[in-house]
Number of protein chains: 2
Amino acid sequence: MDRRQQKTRAAIFRAFTGLLAEKSYGRITVQEIIDAADVGRATFYAHFGTKDDLLKALCEELFGHIVGSAMDCTHTHGLYSDRKAPASVFCHLLQHLQENDHNILGLLSCESSEIFLRYFKDSLNELIQELFVNRDRKTGAAVPQDFLVNHISGSFVEMVLWWIRGRMKQTPEELDRYFRAVIEPIL
Amino acid sequence: MDRRQQKTRAAIFRAFTGLLAEKSYGRITVQEIIDAADVGRATFYAHFGTKDDLLKALCEELFGHIVGSAMDCTHTHGLYSDRKAPASVFCHLLQHLQENDHNILGLLSCESSEIFLRYFKDSLNELIQELFVNRDRKTGAAVPQDFLVNHISGSFVEMVLWWIRGRMKQTPEELDRYFRAVIEPIL
DNA sequence: ATAATAGTGAACAGATTGTTCGTTATTATA
DNA sequence: TATAATAACGAACAATCTGTTCACTATTAT
């Protein structure tokens with residue numbers, strides 16, 4: 001609502017992500033954040049109860065956004081007509097990542113990437129769960145459905161990590177092919 | 001060498017793992033560790049330069065042990081004749097986990113499990129890499145080998161996390177079946 | 001027996017945290 | 001435009017934590 005709130009919130013987010021590119025989450029102090037954001041100490045604590053709260057808020061904003069967009073895309077096709085329709089939700093997600101919306105790659109490739117990957121996977125889980133509802137399963141009941149959902153979201157996240165750590169030498173389309181090669185045989 | 005060193009080292013490890021069961025890694029202070037271990041402040045810093053060093057040392061000891069044993073098992077069969085030969089390395093690993101050697105489950109199920117999972121996965125990667133060397137790959141070159149290795153170790157670790165978070169209702173043998181069901185089709 | 005090694009306990013400056021409070025600036029709205 | 005509500009400021013605070021130092025004591029290996 002209040003423009004001032006949005007400004008400080010954005011400034012804190014910006015400072016925080018900037019610091020994450022330099023050092024691990026654990027070593028970042030509130031002091032550094034407010035210095036970088038040029039914001040009063042009391043102001044920080046008026047917005048976020050703790051550093052962990054800030055982390056959580058940032059993750060929700062980022063991953064909620066990216067996964068939400070993927071969800072919209074699969075539900076209402078044609079909405080993104082201005083962009084080449086991706087071959088799969090996974091490809092869509094990877095392209096989103098490569099475009100580096102809100103410097104999301106910075107977070108996933110920083111020293112504390114594991115923390116962000118967990119949030120990412122949680123969001124992914126919801127997405128994939130939904131995809132399964134609208135889909136006939138061809139597989140017999142060899143494995144429970146929630147095992148399968150976890151396997152897919154887990155593999156995807158681990159693949160993204162592998163991709164980033166390898167300096168992202170593959171294109172999203174290439175990665176998508178790999179991923180489908182290891183996932184589709186079991187669907 | 002010196003018995004005193006081993007004792008304090010063990011006391012610190014014990015105190016640390018105990019605290020991890022209660023609170024997240026980030027919230028644990030050196031102060032609490034030395035209080036719980038009943039060890040002088042200077043002593044702690046004589047052993048570990050920092051809290052992160054302690055974490056690393058613990059992980060190396062634990063995962064090096066469990067994965068190393070799995071590696072031995074696959075190399076020299078019959079060594080573990082006193083125990084029912086497990087159907088696969090994965091089953092072997094899962095059984096080891098369930099036995100909760102050195103309270104390894106406590107670490108993997110605590111609030112900071114992500115940190116430990118990363119170390120676990122690193123160790124696993126080496127193991128699986130080795131397994132691939134001694135094995136003919138049936139798959140075509142649809143996906144690169146290191147992608148595949150990462151996919152397998154990543155999936156395994158994510159499965160363990162799923163297992164633990166679901167309160168470990170499945171037996172290691174059951175889990176092993178699931179895992180082979182999603183992995184063997186692509187080998 | 002003795003020299004080397006490890007642990008003790010206290011003290012330390014410096015940094016970090018989370019909170020409080022009076023003051024100032026910005027915003028919404030009447 | 002006037003005014004009341006809201007947000008940020010900045011300075012200060014006690015409490016805690018960190019990492020290091022030092023003189024002293026206990027244990028260990030040889």
Side-chain angles (χ1 to χ4, degrees), chain A residues 1-61 102 107 110-112 114-116 119, chain B residues 1-61 102 107 110-112 114-116 119:
Chain A
M1 287 251 177
D2 201 315
R3 202 181 303 144
R4 288 172 294 178
Q5 284 193 64
Q6 296 181 346
K7 274 191 174 179
T8 31
R9 192 179 162 91
I12 291 175
F13 277 167
R14 207 176 319 117
F16 185 43
T17 55
L19 286 166
L20 278 164
E22 293 173 14
K23 41 168 67 179
S24 77
Y25 174 73
R27 289 190 201 293
I28 295 173
T29 67
V30 174
Q31 192 64 53
E32 289 170 317
I33 297 172
I34 64 181
D35 284 349
D38 195 25
V39 148
R41 180 165 210 72
T43 306
F44 176 90
Y45 284 106
H47 280 258
F48 307 99
T50 149
K51 209 177 66 174
D52 285 357
D53 288 348
L54 167 60
L55 172 69
K56 194 176 174 187
L58 181 61
C59 287
E60 277 169 4
E61 208 160 292
H102 301 280
L107 296 185
C110 77
E111 210 178 326
S112 315
E114 322 87 37
I115 308 178
F116 297 100
Y119 279 99
Chain B
M1 289 254 174
D2 201 315
R3 202 182 303 144
R4 288 172 295 180
Q5 285 191 65
Q6 297 180 346
K7 273 191 177 181
T8 27
R9 194 179 161 90
I12 291 175
F13 276 168
R14 205 175 322 118
F16 186 43
T17 54
L19 285 166
L20 278 164
E22 293 173 13
K23 42 170 64 178
S24 78
Y25 174 73
R27 289 191 199 292
I28 294 174
T29 68
V30 174
Q31 192 63 54
E32 289 170 317
I33 297 173
I34 64 181
D35 285 349
D38 194 26
V39 147
R41 180 166 210 72
T43 306
F44 177 90
Y45 283 106
H47 280 259
F48 307 99
T50 148
K51 208 178 66 174
D52 284 356
D53 289 346
L54 167 60
L55 172 68
K56 196 176 172 185
L58 180 63
C59 286
E60 277 168 6
E61 208 160 294
H102 301 281
L107 296 185
C110 78
E111 210 177 327
S112 313
E114 321 86 40
I115 309 178
F116 296 100
Y119 280 98

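- Separation of atoms CG (B:D53) and CZ (B:F48) is listed at 8.5 Å; rounding is to 0.5 Å.
- Looking at every heavy atom in both residues, B:K56 comes nearest to B:Y119 through CG-OH, 3.5 Å.
- Summary of the strand contacts: B:A42 and A:D38 both lie near DNA chain D, and taking for each the nucleotide with the nearest heavy atom, the more 5' one is attributed to A:D38.
- Taking atom CZ of residue A:F48 and atom P of nucleotide D:dA7, one finds them 14 Å apart after rounding to whole Å.
- Which of D:dT18, C:dT17, D:dT6 sits closest to the side chain of A:D2 comes down to D:dT6.
- The distance between atom NZ of A:K7 and atom P of C:dA25, rounded to the nearest whole Å, is 15 Å.
- Atom CD1 of A:I34 is separated from atom P of D:dA7 by 19 Å (rounded to the nearest Å).
- One can place CZ of A:F44 at 13 Å from P of D:dC9, the figure rounded to the nearest angstrom.
- When the side-chain nitrogen and oxygen atoms of A:Q5 are compared with OP1 and OP2 of D:dA7, one or more of them lie within a distance under 4.0 Å.
- Dashed line: the shortest gap from a side-chain N or O of B:T43 to OP1 or OP2 of C:dT8 is under 4.0 Å.
- A residue-by-residue look at B:I28 and A:G40 shows that A:G40 has its nearest nucleotide of DNA chain D further toward the 5' end.
- Here the P atom of nucleotide D:dC17 and the CG atom of B:D35 are 9 Å apart, to the nearest Å.
- Atom pair A:L19:CG and C:dT16:P shows a separation of 12 Å (rounding to whole Å applied).
- Taking the side chain as every heavy atom from C-beta outward, B:R41 and B:Q31 approach each other to under 4.5 Å.
- A donor-acceptor contact under 3.5 Å is not formed by the side chain of B:R41 with the base of C:dG9.
- Across all strands shown, A:T8 has heavy atoms under 4.0 Å from sugar-phosphate atoms exclusively, and none from any base.
- When each of C:dA25, D:dT28, C:dT8 is scored by its nearest atom to the side-chain atoms of B:R3, the top-ranked nucleotide is D:dT28.
- For the pair A:E32 and A:K23, the salt-bridge criterion is met [side-chain N within less than 4.0 Å of a carboxylate O].
- Under 3.5 Å, the side chain of A:R4 and the base of C:dT26 form at least one donor-acceptor pair of N or O atoms.
- Contact annotation for A:A46: no contact, since no heavy-atom pair falls under 4.0 Å across all strands.
- Atoms CD (B:Q6) and C1' (C:dG7) sit 15 Å apart, rounded to a whole Å.
- Residue B:D53 contributes atom CG, which lies 14 Å from atom C1' of D:dT18 at whole-angstrom precision.
- Going from atom CG of A:L54 over to atom CZ of A:F16 covers 4.5 Å, rounded to the nearest 0.5 Å.
- Considering only side-chain N and O atoms, A:H47 lies under 4.0 angstrom from the phosphate OP1 or OP2 of D:dA8.
- Residue B:Y45 places at least one side-chain N or O under 4.0 Å from the OP1 or OP2 atom of D:dG19.
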